[in-house]
Amino acid sequence: MNKVAVVGYGNTKFSNEDKSIESLLTSATKSLFDNTKNIEQDDIDVVLVSTNDNTKYLSAILSELTGISPKIAHTVENLCSSGTNSIVSAYSYIVSGLADIALVVGADRYDCPGQILKWDVSRGEFMHPVFWASVFTKAHKREFKTTQEDLAAVSAKNHTNAKFNPHAYSNKTYSIDDVLQSKFVTDDLHLLDCSRPCSGASAVLLASENVAKKFEQPIWIKGIGQKTTSASLAKNKDLTTMTSTKIAAKQAFDMAKIQVNDIDVTELHDAFTICEIMALEDIGFVKKGDGASYVRNLYDTQDNKINPRGGLIGSGHPLGATGVAQVIEITQQLQNKAEKRQIKNANVGLVHNMSAAATSSTVLLFQS
Amino acid sequence: MTMFENELKKGNFVISDCSSCKTIVWPPSDYCNNCLAHVTWRKIDPVGKLIEFSKKEEMIFGIVELEGKIRLIGTLKINSSDISEGQCVKLHSCSYDNGPQFTFVPCNGSY
């Protein structure tokens, strides 16, 4: 099977700026061209835009604005995991032989409509994600004695990590006490337990094995797992487990022939603090119920191998850009170019992304 | 609007049963998500079980399971000192105003 590598990337700052979606997309694309040697617009076969924005025909618009005339161009939308879904689509175009080089650009604005899934009547009037996250948190507390302090450690750790990410929304650090003192959103979540929607864009360039050789330090996609269990919250029978994440992780590990113990650096989808704890358990880093103590230890030892760029909580969460930004972080880590965030001797990395109360998940594995 | 939403507007919670394999289809749809046959509509059994809950200021909300299959988030009109996961609750009212609303009360006791 054709191998596929990440060979270039570009980012905008994540912020609350009122920039148009087109401006965000072109800014990240320009950043990618500025950062990447040996790439011309004419080399690009595929342009995929990952977004929840309602603007139509964005991949063709981005292509025109950046002087690209691709064979294949379209938008990919899958709520919060649009970015990783786009990368899987681009991978598939390359592996199938339809393309050699694919540009994936993810972007959303702070007022992105993808935060609410109106179709899901099972959410009743509690449409905002903070409500399912509160119930998941309560269930985890009840079953595994997870505490509000454990949750706060996730936020404190990820804000600390984000301090060294020049594209992160937040540059503030918070102690566990600071998180606990932040406003209660519900009885089970403080404001600082939640990621925030913002404006931002991220772009990656993927290339086939033959073409990747002309780029510096290609990072190979070794494993892909994706699973959609449902769209509605209603099918989530076990509130302490993200079933789609469990299945996607197994698929990715099987495909890559890599074990969880081989992972040096990880990007997890921490839309809410409980999500990081559950993802650690469901991917298999720790057994069920041990996610909270694992995170506490990471915080106490200032170990940044989980969410080194600050996660969604520290970096901000422009939905369509998030999965792409996660892939950029792992690429930089495996290229030994992550500067103050660098994990020593990182050779294998994992990206986990998900949508809508973990009804859909993607797990990607990368190797240098 | 869908049949479900139209009935909610009238204060009725109706669910779709498959006319062929008898599966309860939830969230509601015109077709069975098991065998894709047409569905028939009926009123729900309002008695269910509270799966989990949380609280926002004075409002308690939680996931309720009805007929052993239908899970949804509703408002719980239960004293916070009396509430516990697994307890019996019943649908008190439902409506639709720019989205569905479900309210539950304890099966036993007053509200």
Side-chain angles (χ1 to χ4, degrees), chain A residues 113 115-146 148 151 182-191 193-194 228-241 243 272-274 278 356-359, chain B residues 1-9 13-16 24-29 33-34 44 48-76 80 83-86 91-104:
Chain A
Q115 292 159 56
I116 304 292
L117 182 58
K118 201 156 192 297
W119 170 85
D120 187 5
V121 293
S122 72
R123 297 185 187 206
E125 64 193 282
F126 302 95
M127 287 286 175
H128 194 278
V130 75
F131 295 108
W132 64 253
S134 296
V135 176
F136 279 26
T137 302
K138 183 72 173 286
H140 207 277
K141 284 176 173 175
R142 186 189 304 286
E143 189 157 349
F144 301 114
K145 311 290 179 232
T146 302
Q148 211 70 49
L151 297 163
S182 68
K183 182 184 159 190
F184 271 112
V185 179
T186 67
D187 274 13
D188 293 291
L189 289 177
H190 291 268
L191 187 62
D193 284 309
C194 311
T228 298
T229 51
S230 64
S232 72
L233 180 80
K235 299 292 193 306
N236 239 324
K237 288 295 174 195
D238 179 354
L239 301 179
T240 62
T241 299
T243 304
F272 301 94
T273 47
I274 192 63
M278 288 168 71
T359 51
Chain B
M1 291 187 83
T2 65
M3 163 78 93
F4 177 73
E5 291 163 349
N6 273 325
E7 287 296 318
L8 270 188
K9 270 201 153 178
F13 191 129
V14 295
I15 56 166
S16 39
I24 296 173
V25 181
W26 178 256
S29 171
N33 59 5
N34 182 41
I44 199 165
K49 184 168 84 168
L50 177 58
I51 302 298
E52 191 55 270
F53 63 93
S54 184
K55 196 173 161 203
K56 182 175 172 58
E57 295 166 354
E58 295 311 306
M59 177 180 63
I60 306 176
F61 59 94
I63 296 182
V64 171
E65 186 174 272
L66 298 165
E67 301 204 12
K69 169 143 186 184
I70 296 165
R71 286 192 172 196
L72 50 83
I73 308 184
T75 304
L76 301 159
S80 54
I83 194 166
S84 61
E85 113 280 2
L91 185 67
H92 174 263
S93 61
C94 57
S95 58
Y96 190 95
D97 179 16
N98 200 30
Q101 287 135 20
F102 314 109
T103 302
F104 294 88

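Not measured: the values here are computed from a predicted model. Residue numbers start from 1 in every chain, and the chains themselves are labelled A, B, ... in the order their sequence lines are given, proteins ahead of strands.
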Look up atom [atom1] in [X] and atom [atom2] in [Y], then write down how far apart they are to the nearest 0.5 Å.
{"X": "A/Asp187", "Y": "B/Ser54", "atom1": "CG", "atom2": "OG", "answer": "5.5 Å"}
{"X": "B/Phe102", "Y": "A/Ser122", "atom1": "CZ", "atom2": "OG", "answer": "8.0 Å"}
{"X": "A/Asp120", "Y": "B/Leu72", "atom1": "CG", "atom2": "CG", "answer": "10.0 Å"}

State, with a plain yes or no, whether a side-chain heavy atom of [X] is found less than 4.5 Å away from one of [Y].
{"X": "A/Met127", "Y": "B/Asn98", "result": "no"}
{"X": "B/Phe53", "Y": "A/Ser134", "result": "no"}
{"X": "A/Val130", "Y": "B/Lys56", "result": "no"}
{"X": "A/Glu125", "Y": "B/Ser95", "result": "no"}
{"X": "A/Leu233", "Y": "B/Ile73", "result": "yes"}
{"X": "A/Trp132", "Y": "B/Ile63", "result": "no"}

*With a 4.5 angstrom heavy-atom cut-off, could you sort out which part of B/Ile70 is near chain A: side chain, backbone, both or neither?*
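B/Ile70 has no heavy atom closer than 4.5 Å to chain A.
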*Interface moiety of B/Thr75 toward chain A, non-hydrogen atoms closer than 4.5 Å*: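 Both backbone and side chain of B/Thr75 come within 4.5 Å of chain A.
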Indicate the atoms forming the closest heavy-atom contact of [X] with [Y], along with that distance.
{"X": "B/Pro27", "Y": "A/Trp119", "answer": "CG-CH2, 3.8 Å"}
{"X": "A/Lys118", "Y": "B/Tyr96", "answer": "NZ-OH, 4.3 Å"}
{"X": "B/Pro28", "Y": "A/Val121", "answer": "CD-CG2, 3.7 Å"}
{"X": "A/Asn236", "Y": "B/Arg71", "answer": "O-NH1, 3.1 Å"}

*Does the pair B/Glu65 and A/Lys237 meet the rule for a salt bridge (Lys or Arg N to Asp or Glu O under 4.0 Å), with working shown?*
CA-CA 10 Å; B/Glu65 186 174 272; A/Lys237 288 295 174 195; 3.5 Å; yes
_Under 4.5 Å from any heavy atom of chain B - which part of A/Phe184_ =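 When you check distances to chain B, no heavy atom of A/Phe184 falls under 4.5 Å.
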*In terms of heavy-atom pairs under 4.5 Å, which option from B/Gly62, B/Cys94, B/Gly74, B/Gly99 contacts chain A the most?*
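Looking at each option in turn, the highest pair count goes to B/Gly74.
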*Could you tell me which of B/Lys69, B/Met59, B/Glu57, B/Glu85 has the largest number of non-hydrogen atom pairs under 4.5 Å with chain A?*
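Max contact count across the listed options: B/Glu85.
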